[in-house]
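Notes follow the structure.
Everything numeric in this text was worked out from a predicted model, so none of it was measured. Sequence positions, counted from 1, serve as the residue numbers for this chain.
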Amino acid sequence: MSETSPKLRAELEGIPTYKPGKPAATGGPVAYKLSSNENPYPPLPGVLERVTALAGSFNRYPDLACSGLVAELSERFGVPASHIATGTGSVGVAQQLIQSTAGPGDEVIYAWRSFEAYPIITRISGATAVQVPLTPGDVHDLDAMADAITERTRLIFVCNPNNPTGTVVRRAELERFLDRVPGDVLVVLDEAYREFIRDAEVPDGVGLYRERPNVCVLRTFSKAYGLAGLRVGFAIAHEPVAAALRKTAVPFGVSQIAQEAAIASLQAEDELLGRVGSLVCERNRVVEGLRAQGWTVPETQANFVWLRLGERTVAFAAACEQAGVVIRPFPGEGVRVTIGENEANDIFLKVAEGLRKEL
């Protein structure tokens with residue numbers, strides 16, 4: 001037997017594996033999962049019924065073009081169907097965007113810390129990641145990101161609200177930033193948590209896309225719509241970018257069940273808005289509770305909170321798990337805690353209060 005191994009791309013060496021949120025323990029005391037920014041509510045009305053009706057058609061391929069979903073999104077956002085591209089969650093579309101724009105010798109700019117997948121999908125393409133530190137307030141430093149643009153820059157991610165800090169960039173600063181970006185550099189506004197925003201000064205990326213051909217908007221059904229397990233996201237972009245996304249998409253990547261569930265979810269918008277409103281109220285309660293304990297918590301417009309703990313991060317996550325909630329630690333930096341069931345949030349607040357008293 002040969003002792004040699006197949007030659008793999010050198011770019012893959014050292015690329016970290018994406019770390020999902022740790023699941024809640026089973027078989028023991030009640031445990032809650034607050035580690036993956038999932039929606040604690042069940043599927044919206046009509047969704048389960050629609051996908052159950054499709055259970056007998058697993059032997060057939062899904063609609064490659066996602067025609068029904070694209071038509072629904074086109075009407076929902078008032079954009080041409082040719083400006084919409086779907087994929088396996090917004091992260092799948094993000095990877096397609098990099099595949100379409102950047103390769104060896106090119107650069108991709110994003111804030112750090114931001115969405116964990118950005119460095120992974122950038123390095124997979126062979127491009128160079130340019131990470132620009134957040135401000136001391138855990139917000140995108142758009143001036144520094146604009147200063148980082150070179151002739152090799154091909155794509156810039158702006159995660160708004162930012163994951164994991166929940167912070168946002170507002171209209172004036174974002175438009176000033178976009179004015180500095182060359183027209184041949186694609187700016188991707190990653191708006192996975194758009195539905196949770198209550199700050200009127202945060203612009204809807206779709207409005208910016210209409211005015212700027214180099215702006216692309218990413219959205220997902222995984223968060224507010226509660227379809228994380230079905231993997232369906234989409235981009236709204238002008239025709240050249242949207243067409244490139246369709247070329248780089250995995251054929252039949254979005255299952256028919258995912259397509260139909262997304263359509264049904266869009267048609268249950270009244271219920272969606274009610275659920276999101278409840279989560280926002282609970283988010284506010286958690287933030288106010290943390291601040292009352294003495295913690296400095298960034299203003300969050302997402303469905304999670306960020307607590308900067310430094311060297312205490314891992315120990316705090318372990319204490320939360322022992323108490324019955326699983327959260328997402330970023331060792332040496334802080335924890336991201338999803339807004340979940342009220343009982344779960346109460347457990348988290350109690351553990352945070354205990355740590356605060358020790359400081």
Side-chain angles (χ1 to χ4, degrees), residues 16-41 111-117 119-120 133-139 159 161-167 192-193 196 222-223 226 228-229 278-359:
T17 301
Y18 183 87
K19 295 180 180 179
K22 187 175 181 180
T26 58
V30 175
Y32 297 93
K33 182 184 178 187
L34 303 181
S35 55
S36 291
N37 295 342
E38 296 161 334
N39 191 320
Y41 289 100
W112 197 251
R113 176 172 289 275
S114 193
F115 183 32
E116 285 180 274
I120 297 172
L134 296 170
T135 69
D138 290 315
V139 179
C159 190
N162 186 48
N163 178 12
T165 63
T167 54
Y193 303 93
F196 299 98
S222 297
K223 310 304 182 186
S278 295
L279 287 172
V280 168
C281 288
E282 185 66 2
R283 175 187 76 193
N284 295 341
R285 183 180 77 88
V286 171
V287 170
E288 290 169 4
L290 290 170
R291 288 176 175 167
Q293 294 172 9
W295 295 105
T296 298
V297 184
E299 179 185 349
T300 175
Q301 294 290 318
N303 69 332
F304 52 83
V305 296
W306 171 250
L307 202 56
R308 189 168 287 282
L309 296 172
E311 62 183 18
R312 299 180 178 86
T313 295
V314 173
F316 180 77
C320 283
E321 184 172 355
Q322 186 173 12
V325 291
V326 179
I327 63 175
R328 181 68 171 89
F330 296 83
E333 297 180 63
V335 295
R336 186 195 67 197
V337 185
T338 306
I339 301 301
E341 299 87 346
N342 291 15
E343 298 82 0
N345 302 329
D346 286 340
I347 294 172
F348 160 63
L349 286 171
K350 185 176 181 180
V351 178
E353 182 179 24
L355 175 60
R356 190 68 198 174
K357 290 177 178 178
E358 296 176 4
L359 299 180

Is it true that a side-chain atom of [X] and a backbone atom of [Y] form a donor plus acceptor pair closer than 3.5 Å?
| X | Y | result |
| --- | --- | --- |
| S36 | E38 | no |
| T338 | L34 | yes |
| R283 | V305 | no |

Atom pair [atom1]/[atom2] of [X] and [Y] - distance to nearest 0.5 Å:
| X | Y | atom1 | atom2 | value |
| --- | --- | --- | --- | --- |
| T296 | D138 | OG1 | CG | 10.5 Å |
| N39 | I339 | CG | CD1 | 12.0 Å |
| E321 | F316 | CD | CZ | 12.5 Å |
| N37 | N303 | CG | CG | 5.0 Å |

So which atom in [X] and which in [Y] form the shortest heavy-atom distance, rounded to 0.1 Å?
| X | Y | value |
| --- | --- | --- |
| P161 | G166 | CB-O, 3.8 Å |
| N162 | S114 | OD1-OG, 2.6 Å |
| V351 | A323 | CG2-CB, 3.6 Å |
| G289 | L349 | C-CD2, 4.2 Å |
| P164 | W306 | O-CB, 3.4 Å |
| A317 | I327 | CA-CD1, 3.9 Å |

With a 4.5 Å limit on heavy-atom distance, are the side chains of F304 and K223 in contact?
no
Can you check whether V297 reaches V286 side chain to side chain, under 4.5 Å on heavy atoms?
no
Should L309 and V335 be marked as a side chain to side chain contact (heavy atoms under 4.5 Å, CB included) after you check the CA-CA gap, both sets of side-chain angles, and the distance that decides it?
CA-CA 7 Å; L309 296 172; V335 295; 4.0 Å; yes
Using distance only, find each side-chain donor-acceptor pair of residues 352-359 under 3.5 Å and give its atom names and separation, not counting sequence neighbours.
residue, atom, partner, partner atom, Å
R356, NH2, G294, O, 3.2

Partners meeting side chain to side chain donor-acceptor pair (under 3.5 Å) with E282 (sequence neighbours left out)
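Listed in chain order: R285, N345.
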Quick check: F348 with Y32 (ring centres under 6.0 Å apart)?
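Ring centres of F348 and Y32 not closer than 6.0 Å.
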Quick check on side chain to side chain contact (heavy atoms under 4.5 Å, CB included): which of T165, N163, T300 does R336 satisfy it with?
N163
